[in-house]
Structure formats: C-alpha cells, structure tokens
Amino acid sequence: MSAPQPPAAGTPVQVKLVLLGQAAVGKSSLVLRFVRNEFQENREPTIGAAFLTQKCKVDDKIVKFEIWDTAGQERFHSLAPMYYRNALAAIVVYDVTSAQSFDKAKSWVKELQLQGSPNVVIALAGNKIDIIKSEGEGAREVPADEAQAYANEAGLLFFETSAKDGTGVEAIFNDIAKKIPFEQILAKANAPRQGVNLHEAQPTPPQNCAC
Amino acid sequence: MSVQVASGLSSSSSSAQALDPQSAAWRQQSKHFFVLADSGKPVYVRHGDETSMTGLLSLLQVLVAQCQRHHDDVLRSVQLPPPAGHLLVFLVRRPLILVAAARTRESEPQLRAQLAALHSFLLSQLTQAQLAALFARHPNLDLRPLLGAAAAAQLTHLCDAFGTDVRFLMACVESVPVARAVRKRFGSALLRGSEGRPNLLYGMLLHGAGQLISLIRPKSHSLHPSDLFNVFTLVTTHPQFRSSEHWIPVCLPKFNDQGFLFAYISYITPEMGLVLMSSDKEAFFEMQATREAVIDYMLKNGLVLESKALDQPMYAADLVHEPTCKHFIYKSKAHVQYVQSAVPTGMALSKLTAKYAKLHAALHDRDAPMKLLWLEGDEDGESTLCWNSAAFELYCTWDAAVPRVTAIRNANTIAKWAKANGEDLFILDSPTFS
C-alpha cells in the first residue's frame, strides 16, 4: 500500500465556516460581499441559516469555504451549535456603532471557545466601518483599540470591515484561510486510507456536494 | 356561539378613537390587525407603533376577559356603530388574542379565517409548546424580541396578502395547470430524489408566488392546506431564498403544533422552488443530495425546459375565445384546489380580491347562501359573477358593457373547459412513499 498522498494540486480543501453575531450587524452582507461581491441596502433579516460556498486561493492551496450564515435573532440561538459544531472557522460580527452588539459578540466568542471545535479559528469583525468614514468618529460606540485589545486577549483575528464598500472583507477570509491548520486536516482526511484510523471519526461534509 | 355586544359598546367607538394617540392616517386605515398576549402586552400590530397603543390593546384584552368572566363565552365580534363603523372580530387562541378591525365589508367568517391564518403562521415560528411554556413562566412576557423583525415583516406581508391574494378566500391550494403526464414526471423527479433518503418527510415543487406543481409525502401523512400556506408564505415572502440555499426550522401546526420540522429551501429555476422537509435538524446535507438527484432527473427528462412553459400565463380570453372575460377563478371542490387566469395589466389585484370577497361572502352566507350571483356594472365599470355548484365554485369578471347572456355563456364555457381538462389543471394524486 502506498504512502498517503497529498491531495492533487487543484483539489480544494473544504473549510466549514460559521458566521455568528447579533441581528442586523451585517453577517449576510459580509458573506454576500465575499461570495458575490454584491451589496444590498436594507436586506431582510436572515431566517434560520443560509448555506453558501466560495473558493479562494491561499498560497498554493485552493480553499473551499462552506459558509453557514446564521440568523442573528435570539429565537434561532438554540440552533447555533448545529452550525458551529465541527466548524474550522468562525467570524463573529458586531456593528462598530453598537456597543450592545459588541457585548453580544463577546458572548458568542465565549460560547465558541467553550463548545466549538478545539482548534476553531475565530475572527472578530467590527462591521459598518463605512458609517464612521462618512459620519465621523462620533458615530462610533466601539473603539478600535478596545476591540483589538479584546481580540488579542482572547486570541482572535481582528478586522474592521465594511460590507458596503468592501473594506476588510477579502482580508478577513484570507487571513482565516492562512491560519487554518491544513496539515492536521489533510492528515485526518487521509487517515482512513492508511487502514488504521488513529483519530476519532471526524464527520466531514460530504464530498459530493456539487455547488 | 356568536356574541353580538354591539349595543353595549356604542360609547366605545369614540373612546377607541380617543385611545389611539396616532394620526388621522392611522384611523383612516380600512383594516387593522392586533395580536396581543393574554396579559394585554402587544405581540404584533399591522399599522402604527404598538408601544403607543397600550390603552387600546388593554381595552381589547378587557373585552375578551369580561366576556369570558361574566358570560362564560368567547367574544367573537363587535360591530362598532357609525361613523367609525369597524367590524371587530376576535380569535382567542391562548396564550394569544388576535383581533381584526375592518371596514372593508369583508364578512365575519372571512376576517376570522384571516386571523386563523395569522395565528397559524405565528405558530409556524414559535410552536404552541414554546408559547405555552414561555407564558407559563413569564405571564407578562414581551414576545416581540423573540419573534424578531423577520417574522414581523412576514406577518405584515401576510396581512397585506389577505387583500390581494385570493388563496385565503378559496382556502385551498392553487395549482399550476400542466399536462397530466408532465406533472407525473415532476412527481417522479421528487420521488427519484427521495430514494434512499430516510429523513425526507415532504417534498414539494412550487411555482412563482406559491402555486403547487407537485408534492410527495409519506403514505401515512397528508398535508393540511393551512400548513401548506405557511410554507408558501415563508418561502415566497423572503427574497433571499431565491439566491441561496436555506435551512430553517418551521412548525406545521396541523401536522404537529408541539415541535419543529426543518425545511430545505432552494430555487431550481428563477420561478421554481424546491422545498424538502425533514424532522431531523441534522439532515441538511441529505436534503442537499436529494436536490442534486431531483435536478439530475429533471435535466435528463427535459423537465427544466417544461418548467419554462409553466411561466406562460393563461388568459381568460384565450379560453372563451371572446376577448370579454377579463379574469376567472375556478375552484374544484373534489380536488380542493383552484386555478385562475392571469390578471390583465391595469387590473388592481386589491380591487379584484375585494370584488371576489363580496361574492364569496354572499355565496357562503350562513343564513341565506346563494348559488349564483351576478353583480352588474360596479364603480370600476366591471360586472362580476359567482356560481356555486356541487362540483365547483366559479368567479368571473367582465367589462360592464358585456351583456349578461354573453357573460353566462362565457361562464359555462369555462366550467365545461375546466371539467374537460381537470386532469391537467389539478393535482389528482400526490405520489407517496412508505
């Protein structure tokens, strides 16, 4: 039996990513900017969760993000574990003009660190930075340095973003992709082929999803 | 039992107006909906800011409570005297109270059916079990944050749809006319997709704004029209479903008002939506694989092309070969479904719906139901007819210049056509699996 092969060049590595955060902070808009490079003013609130995919190239690898864009409304909170379970990455979003949404973001980070995958890469996104650009610092409720300090302390990537003008959106997904422990994932993905599975079975998304 | 307490409330018409702090614009609305908790706390109102209506909502709550306490009866309706003249209709479904206040000339049963549809939709978002538990723990709970903006927006959409969508008058599903053999193949596509998917409960293909193309279900479970309406309301009022796959919890109250099912929603073509329902919240990828199999079958069997044909509107004039009949609705009682012709441009849906509501009320009047009603030359220069036979209900609209004899001949032509083409117009049997 041959030694495990690294995946053929061009075979995408699947990365399950979940977006969490209070209602109306712009989770869906960030995803829409990343996946379709679009922006809609006054988008309707998400119901349940939307599932989208997007490939991006990081170094020599192709990463296929499988994105769960969850509803921010409290009613759907109890479903969140279903989406962040086994997720390799999470983007926790708040609105820079809402201190309350920042508190909610912190509680999501806490929940993820307690209940999420052990090595989940978490990025904190302070969205709607375009409002600060157009209306000045007076509109801001969450100082960037405060959020940065919190992110450092909690071990998170941190970006201020605008889904509206695109600021920081590519960067956040790129930096997440760079931080994913691919070697581990590939080792796990190849494990069954070696005939001996040293890892606990890790449910991975089916390979046949064709979108 | 219907309790008419109008006489005792003559003073409340002025006080109800005084209680409302809002503008004349609020009062000029022809129809209001209020949903409140047993406690009198607002849950949803159609017009205005519910936080400024505490007085009015308390009054409604007290009316219901007094009727219960002193007459051991459920308050059903109150007719306010002129000049306000609203008909207040109540639906008490603890822990919620739903009220319509309308001067639209809609009948009490029609308004009550609308309240029932609102209630059913609310339960599709928060199950009866959840509501009961929440209010048992916190009788003064404010439900609005929990319900959220998305559900409130959909309730508003639903309230407005009562005035523009005849589905709620017909109280059954609208079918898309399609040749029987083709419909069978759409059903086969769903069945093929369902093979080897143990967690699939219901599968349906919808068209446009909520017409049913095909439905598959387990042998042991049928699907109640009001549950289907909830699915349609959910799917068609949320534009995001057209652009990406979704996985959402939804309760179908007639199926089981205690728990959620999960709906996989994905549009196959811009006008054709696929909804797959499961009781397993983890079944998203299984449903996604079902979709792939359905699409694969549809591509191999030319059904994607066929689906384009469904987008072609059907005009009444094409059927009766006289360009006079503007619009019709034919409801088959045996199939519990209806079809309608395309609404010609320039014809307002709200006016059309109001006209048919008037006919429908006369047809279904409890004391003196009618078989046939012809209303000649209304203020829009149109004549309308409804015909209630053992097999169908037919509603038609003509230009007022059309003589009655011609209209009756048209109506007969449509009835004959519908009878002869029933197999293509209606879903005869939903494919089942065991």
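Lettering follows sequence order; numbering is per chain, from 1. Reckoned from all heavy atoms, side chains included, excluding hydrogens, waters and symmetry mates.
- Annotation: side chain of A/F51 is not in contact with side chain of B/Y264 (no heavy-atom distance under 4.5 Å).
- Distance check: B/F284 CZ to A/Y83 OH gives 8.5 Å after rounding to the nearest 0.5 Å.
- Heavy atoms of A/I47 lying under 4.5 Å from chain B belong to its backbone as well as its side chain.
- Annotation: A/K164, atom NZ; neighbour count of heavy atoms from other residues, nucleotides and ligands within 6.0 Å does not exceed 12.
- Along residues 19-44 of chain A, the residues that come nearer than 4.5 angstrom to chain B, judged on non-hydrogen atoms, are A/R36, A/R43, A/E44 in order of number.
- Around atom CD of A/Q100, no more than 12 heavy atoms belonging to other residues, nucleotides or ligands sit under 6.0 Å away.
- Neither the backbone nor the side chain of B/S266 has a heavy atom closer than 4.5 Å to any heavy atom of chain A.
- Counted within 6.0 Å of NZ on A/K110, heavy atoms from surrounding residues, nucleotides or ligands total 12 or fewer; the atom is thus considered open.
- Around atom NZ of A/K106, more than 12 heavy atoms belonging to other residues, nucleotides or ligands sit under 6.0 Å away.
- The shortest distance between side-chain heavy atoms of A/L79 and B/F262 falls below 4.5 Å.
- Put simply, CD1 on A/I67 and OG on B/S244 are 10.5 Å apart, with the number rounded to the nearest 0.5 Å.
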Could you list the donor-acceptor pairs under 3.5 angstrom formed by side chains in residues 125-143 of chain B, with sequence neighbours left out?
| residue | atom | partner | partner atom | Å |
| --- | --- | --- | --- | --- |
| B/Q125 | OE1 | A/R75 | NH1 | 3.3 |
| B/Q125 | OE1 | A/R75 | NH2 | 3.3 |
| B/T127 | OG1 | B/A129 | N | 3.4 |
| B/T127 | OG1 | B/Q130 | N | 3.0 |
| B/Q128 | NE2 | B/R94 | O | 3.2 |
| B/Q130 | OE1 | B/T127 | N | 3.1 |
| B/D142 | OD1 | B/R144 | N | 3.1 |
| B/D142 | OD1 | B/R144 | NE | 3.0 |
| B/D142 | OD2 | B/R144 | NH2 | 2.8 |

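- In this structure the side chain of B/P249 reaches within 4.5 angstrom of the side chain of A/F76, judged on heavy atoms.
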